[in-house]
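Here's the structure, in structure tokens; my notes come after.
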Amino acid sequence: MFVNRKAPHGTIYALEALEVVLISAAFDQDVSLAFLDDGVYQLVKGQHTKAIDVKNFSPTYRALEGYDIEKLYVERESLEQRGLTEGDLIVPVAVMSAEELVRRMEAQDVVIGC
Amino acid sequence: MAIEVADKTYETDEEGYLVNLSDWSEEVANHIAESEGITMTDNHWEVVNFLREYYNEFQIAPAVRVLTKAIGKKLGSDKGNSKYLYELFPYGPAKQACKIAGLPKPTGCV
Amino acid sequence: MLHIVNKSPYERTALASCLAHAAKGSAVILIEDAVYAAVKGGAAEAELARAIGRVDVYALGPDIEARGMKDRVMDGVKVVDYGGFVDLAAEHRTNQSWL
Amino acid sequence: MKFGLMINEGPYSHQASDTAYQFAKAALARGHQIHRVFFYNDGVNNATRLTEPPQDDRHIVNRWTKLAEEHGLDLVVCVAAGLRRGLVDENLAPGFRISGLGQLVESGIQADRLVVFGD
């Protein structure tokens, strides 16, 4: 599981984490992505990066399905804290409580925080 | 490095990928294909255009496996297989077709 | 699970988020600037104290000493060296860094 | 036990590489194996041979090279992250090799534990 806790654009972590995720799809692993804290900002619709001249990788999350990566978990508390709802996100996800997310984290073999 | 098409010069990297993706045109594509020993047919264009649409939508060049599957979905299973795609693009449907499509090199280097 | 935190609680929310997501019985190790969280009398002490008991809290000794906090570690935090850090990572089936 | 390590920050700016190094040494001293050390994000800058810190400071790059020599460590620098930051074979320090992200994923699969060091 990749645990995404960082906002996009301000640092490169979100983009380079996504690159790892795309590669991991080739290894037939049960890959899941968790988005919590500022990580939920990665999935927000309507990101336009032209004026800051930075690659807009937010549409790439919609390609994940084609890579057979379909387990995208978003923490409800993190969304609420930031005034966001599921409808603000660019891709279909499973919104879940922190408690439920913790259960899934605990079940992983490898957790990569990024 | 650079290529010259119709009196205009376009910058490429050492592997022949366009440096500025906005430089792409059908003429440039034809030129790149030629230098790779490929004569573009409708079947080639179908894949190249598919790649460009995929890139526009998702902002990445797909991995071969993903490309094959997606083409199968859109153009039928007789085209969505690696045999067909490798016949069109002997050096790899992802790498070579992306180059002709004016896209960045796929980040699929496992 | 072993949770690894390396941020000062006064600058970032990593520790708070980690504690909110650490299941009962899991372990938390404070390394690098996160060791400031374990300093007696700091504003973070109460938060950490509430977590202790539910989770095991460790702090990396070399990082504590480097920051001049050797004699100020709060009660309930177990100080370990790098070898102890390795042991914790080995003992727990999984670990997660809260970067 | 087999450990995989991932280092996501460059040397000197951040303690991540130092902590990972001390962790690796301690693990080896306890008889564990280090399956691979994977350098990602700005972590690729740990692998440049052009690094020259003042004499009274630790040499983070050489320290990794030496540890790799002594223990046969596999130090892998991500090619994509390296290219982004100008890290190529020409300025790669001894003991490191450049390879793809698959090496990280493989380390996650093959090592018993993967530990991430970063910011």
Side-chain angles (χ1 to χ4, degrees), chain A residues 1-21 24 29-42 71 73-84 94-114, chain C residues 1-38 43-44 47-48 50-60 63 82 85-99:
Chain A
M1 172 184 271
F2 295 90
V3 177
N4 296 282
R5 296 183 47 251
K6 297 200 173 166
H9 314 311
T11 59
I12 197 171
Y13 302 110
L15 168 62
E16 290 198 324
L18 184 56
E19 291 182 351
V20 181
V21 170
S24 70
Q29 297 297 301
D30 184 13
V31 176
S32 53
L33 275 63
F35 296 87
L36 61 149
D37 297 340
D38 280 355
V40 301
Y41 287 129
Q42 294 177 23
K71 293 180 179 165
Y73 308 139
V74 174
E75 188 184 86
R76 182 172 298 118
E77 289 84 342
S78 297
L79 280 179
E80 282 170 3
Q81 196 183 15
R82 287 159 183 79
L84 298 170
V95 175
M96 60 184 65
S97 66
E99 203 182 330
E100 175 62 24
L101 192 62
V102 168
R103 250 202 306 280
R104 297 190 189 219
M105 284 174 178
E106 290 285 332
Q108 302 297 319
D109 290 326
V110 178
V111 180
I112 297 187
C114 37
Chain C
M1 168 133 46
L2 172 67
H3 298 273
I4 304 165
V5 181
N6 73 339
K7 299 290 181 327
S8 162
Y10 304 113
E11 194 200 354
R12 310 255 205 115
T13 56
L15 178 63
S17 187
C18 167
L19 294 178
H21 294 93
K24 192 170 185 309
S26 56
V28 176
I29 183 166
L30 308 170
I31 67 169
E32 299 171 2
D33 286 349
V35 300
Y36 289 124
E47 190 189 1
L48 206 52
R50 271 197 303 276
I52 291 170
R54 194 173 59 81
V55 297
D56 289 322
V57 179
Y58 299 84
L60 199 50
D63 279 325
Y82 287 105
F85 184 7
V86 171
D87 292 342
L88 284 168
E91 284 160 20
H92 292 85
R93 194 179 64 82
T94 51
N95 67 79
Q96 177 176 355
S97 289
W98 292 78
L99 304 176

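A, B, ... follow the sequence lines: proteins, then strands. Residue 1 opens every chain. All figures in this text were calculated on a predicted structure; none of them were measured in a lab. These numbers come from the heavy atoms of this one structure, side chains and all, not from hydrogens, waters or symmetry mates.
Interface residue Leu36(A): only side-chain heavy atoms are found under 4.5 Å from chain C. Glu77(A) does not touch chain C: none of its heavy atoms, backbone or side chain, sits under 4.5 Å away. Heavy-atom distances place the backbone of Gln108(A), and not its side chain, under 4.5 Å from chain C. Proximity to chain C is absent for every atom of Asp38(A), based on heavy atoms less than 4.5 angstrom apart. When heavy atoms are compared at a cutoff of 4.5 Å, Met1(A) does not approach chain C at all. Contact annotation for Ala107(A): only backbone heavy atoms (N, CA, C, O) come within less than 4.5 Å of a heavy atom of chain C.
Considering CD of Glu106(A) and NZ of Lys24(C), their distance stands at 13.0 Å, rounded to 0.5 Å.
Here the side chains of Met105(A) and Thr94(C) are not in contact, with every heavy-atom distance at 4.5 Å or above.
What you find for Gly113(A) and Leu99(C) is that their closest heavy atoms are O-CD1, 3.5 Å. When every heavy atom of Arg5(A) is checked against every heavy atom of Ala14(C), the shortest pair comes out as NH2-CA, 3.6 Å. The two residues Val102(A) and His21(C) have their closest heavy-atom pair at CG2-O, 3.4 Å.
Crowding of Glu99(A) atom CD: a count of heavy atoms from other residues, nucleotides or ligands under 6.0 Å not exceeding 12.
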